[in-house]
Structures are given as structure tokens and as C-alpha cells.
Amino acid sequence: MARRVFILGGGAALGAHQVGALRYLEEQSIRPDAIVGSSIGVINACTYASGGVGTLERAWRDFRSLPSIVAPSLRHNPLLGLSFFSMDRLSAAVEQYIDFREALASPIELEFVLLNLSRGQGEVHGARECADWRELRTLARAGYAIPLLFPPVRFRDDWYADGGFAWNVPLERAIGLGATEIYLLAPIASQLPYCGGFSSFPAFVQRFVDVMWRTIGNMGYLYALMEDGRFHGVPVTVIEPGEEWSGFGPLAVFQAYPRKSRNLMAAGYRDAKRVLAARRRRERAAAGQPAEAAARSTAT
């Protein structure tokens, strides 16, 4: 039986790119049977499963991240707690768009990548193991609890945090879910602009950080053994932003605001359209269709 798995990787404010990609995929009648989410992908997965792509678009068009992230607290701070900020304000802002009862009842199988701090390992936990919607909400909160910024979240006996630092784009898990087709929506660009030299030490440091951000965010597929776009024989379609959205900067990564999110959603839509058009051309060429006919049919 055909089984389509979407992987929604982490990338903080860049997660708006996934929304545009999801819009185009839905227009092409490409919908997931299962979603594996990491970090911002957890939030997007829950919103999509409970309210569809329309709710995702509304959420991102209205969302401003910094007022939600910067939430000083008497309890959650470096002196008395385990983080710089409380996550209460962020959770309230995010969860107004998520109906966890609907997400739990959704036919879409939901799984989240988490970092189990108690056991020191990356893990995947899903809606299937939740007794009720409250447990699903707890798992989701753990999925976007960025270490240091926010405190860890306790689920049953262990403490968890954002799993993007351990396993941001888990192709292997999609295979474990029985995928016959994988769509990887990776919001961190894998291509960096060429840099021929460094004007200063800070410039060198910035480049190094950019490379590490790109590598950690995408190593799950950059170093996967794929042949002709297939992983363990399963076709993988990667949709990611271009190099204009690449690199790491705290404001660029963590700051979301309406205009930026609209631009990212538009880019996600265009990138999904481009990737699927290229895939169709390859499929037609492999089937022996003349290149001119393939180009005409793709244009229409």
C-alpha cells in the first residue's frame, strides 16, 4: 500500500517556507499519510493536522516571534532555573491555532523528534502513544523547547527538549514508518553563497557558524546514501529555500514577522513548484518522452 511521509525539519522562523510548500503540494493533491516534525516542524505539523494549510497561513501571517520568545520569568531564568526565558508566552501564541483534540483524531499519523535529556539521546515519539490530547500537547511543547532559551519539558518520567539538535531531518524514521514516497520540507538552505576570502576574524567566525548551521540542519539527507533521488529505494523529494535565505543570524533565524513570513511562504510555494516540475521532466525523460513535449506539458 502506498504511504506518503512528509518530514518537516526545524529552522525556527524559516518554517514559514514549509507553509508555502504545503500549499502547492495540496493544490497538486499531494497530502501526507504521516508527518515527522522537528522543532518548528512540530508546530507546523500539529497546526496542519488540526486545521489544514489555511490555518497555517493565518498563523504565520499574524505571528511575531520576538515578543513571544523574550519572556522574562522569576522562575525560568539562568539564576534560579534552567533557561533564559519561560515558554508560556510562546506556547500561548502558538497553541491558539492548534486544536490538539483534532490533531490526535486526525488520520495523519504524527511523530515528533525529541532530545531525551534524561537518557542523552534523540528519540521519536508519536500521537499513537498519547493517552489523550493533553499528552500530545506536552509532547509538542517538548518538540519546540529550544535548549537554553526555554526550560526542558517533562513527559512521563524523562525530560525532553527540541530534537532538531539531534536529528533534524530523519529520513531513516520515514523508512521505519513504511514510506513509499518521502517529501522532505527542509527550511534551512543547504547551499551557501560562495565566499572567496575573509575580511576579518568576525567574518571568518560568521562563515564557520553559517556552515555549521547548514550542516547540522541538513545532515540527515546531505550525507544520506541516496541514488537517483532514492533512499533505500524510496523516492525522496527535497523542497528547501535558496541561498538567499541561507546562513545563521539570531535575528534572521528567530525573528518572524508578517512581511518576512509572507515572503518565505511565497518562496516555499515557488520552490515546491520548481522541484515538482523538475521531477516531472526527469520522469518523462526516463519514460522516453521527447524533451520538447515534456517541456510543453510541464509549462501547461
Side-chain angles (χ1 to χ4, degrees), residues 3-22 25 30 32-46 48 108-116 121-126 139-140 142-147 160-192 210-227 229-243 245-248 253 264 267-268 271-272 275-276 279:
R3 186 164 171 78
R4 185 178 287 143
V5 177
F6 283 15
I7 299 175
L8 304 186
L14 301 174
H17 186 271
Q18 294 175 341
V19 181
L22 287 167
L25 292 174
I30 299 173
D33 298 301
I35 300 178
V36 183
S38 175
S39 195
I40 191 63
V42 170
I43 297 173
N44 283 345
C46 290
Y48 181 83
I108 300 173
E109 185 176 350
L110 295 177
E111 291 205 340
F112 309 143
V113 182
L114 307 178
L115 180 59
N116 187 324
Q121 61 190 25
E123 297 177 355
V124 179
H125 294 271
L139 273 183
Y144 62 88
I146 300 172
Y160 293 89
D162 186 324
F165 295 91
W167 204 16
N168 200 39
V169 283
L171 284 172
E172 297 89 347
R173 184 56 189 166
I175 298 297
L177 287 171
T180 57
E181 190 176 5
I182 299 171
Y183 284 80
L184 172 54
L185 279 58
I188 300 175
S190 65
Q191 296 298 316
L192 290 167
D210 289 347
V211 172
M212 293 304 297
W213 167 250
R214 166 258 190 196
T215 303
I216 292 171
N218 296 301
M219 67 171 62
Y221 79 90
L222 288 178
Y223 300 110
L225 296 176
M226 287 200 283
E227 295 183 2
R230 292 175 176 266
F231 183 66
H232 291 280
V234 177
V236 179
T237 300
V238 179
I239 303 171
E240 63 175 345
E243 64 180 34
W245 297 102
S246 65
F248 180 90
V253 170
L264 274 164
D271 290 331
V275 167
L276 263 65
R279 189 184 73 181

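- Ser38 approaches Gly164 most closely through the heavy-atom pair OG-CA, 3.2 Å.
- The shortest heavy-atom contact between Leu171 and Tyr221 is CD1-CB, 3.6 Å.
- Annotation: the span from Glu181 atom CD to Arg4 atom CZ amounts to 4.5 Å, rounded to 0.5 Å.
- Looking only at side-chain heavy atoms (C-beta outward), Ile146 and Phe165 come within less than 4.5 Å of each other.
- Side-chain N or O atoms of Asn44 include none that pairs as donor or acceptor with a backbone N or O of Leu8 at under 3.5 Å.
- Proximity of a side-chain donor or acceptor of Gln18 to a complementary backbone N or O of Gly9 within less than 3.5 Å is detected.
- Between Met212 and Phe248, every side-chain heavy-atom pair lies at or beyond the 4.5 Å cut-off.
- When atom types are taken as modelled, the side chain of Asn116 and the backbone of Gly122 share no donor-acceptor pair closer than 3.5 angstrom.
- Residues Trp245 and Pro187 are not in side-chain contact: their nearest non-hydrogen atoms beyond the backbone lie 4.5 Å or more apart.
- Side chain of Asn168 to main chain of Gly10: a donor-acceptor pair is present (N/O by atom type, distance under 3.5 Å, no hydrogens or angles).
- Residues Tyr183 and Leu276 share a closest heavy-atom pair of CE2-CD1, 4.4 Å.
- A donor-acceptor pair under 3.5 Å is formed between the side chain of Arg214 and the backbone N or O of Ser190.
- Atom CG of residue Leu14 and atom CD of residue Glu240 lie 11.5 Å apart, to the nearest 0.5 angstrom.
- Atoms CD1 and CG, from Ile35 and Leu22 in turn, are 7.0 Å apart once rounded to the nearest 0.5 Å.
- For the residue pair Asp162/Tyr144, the side-chain donor-acceptor check at 3.5 Å is not satisfied.
- Val36 approaches Pro170 most closely through the heavy-atom pair CG1-CG, 3.7 Å.
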- Message: As a quick check of understanding, evaluate side chain to side chain contact (heavy atoms under 4.5 Å, CB included) for Phe6 and Ile30, giving each step before the final call.
- Response: CA-CA 10 Å; Phe6 283 15; Ile30 299 173; 4.1 Å; yes
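- The aromatic rings of His125 and Tyr160 lie perpendicular to each other, with more than 60° between the two planes, well past the 30° mark.
- Closest heavy-atom contact between Val234 and Ala179: CG2-O, 3.4 Å.
- By the 4.5 Å heavy-atom criterion applied to side chains, Val211 and Leu192 are counted as neighbours.
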- Residues Tyr48, Val19; criterion side chain to side chain contact (heavy atoms under 4.5 Å, CB included); working and verdict: CA-CA 9 Å; Tyr48 181 83; Val19 181; over 6 Å; no
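- Closest approach of Gly217 and Val169 over heavy atoms only: O-CG2, 3.9 Å.
- Using a 4.5 Å heavy-atom cutoff, the side chains of His17 and Leu185 are not in contact.
- Thr180 places a side-chain N or O within 3.5 Å of a backbone atom of Arg3 that can act as its donor or acceptor partner.
- No side-chain donor-acceptor contact under 3.5 Å links Asn218 to the backbone of Ala186.
- Residues Ile175 and Ile182 meet the side-chain proximity criterion, which asks for heavy atoms closer than 4.5 Å.
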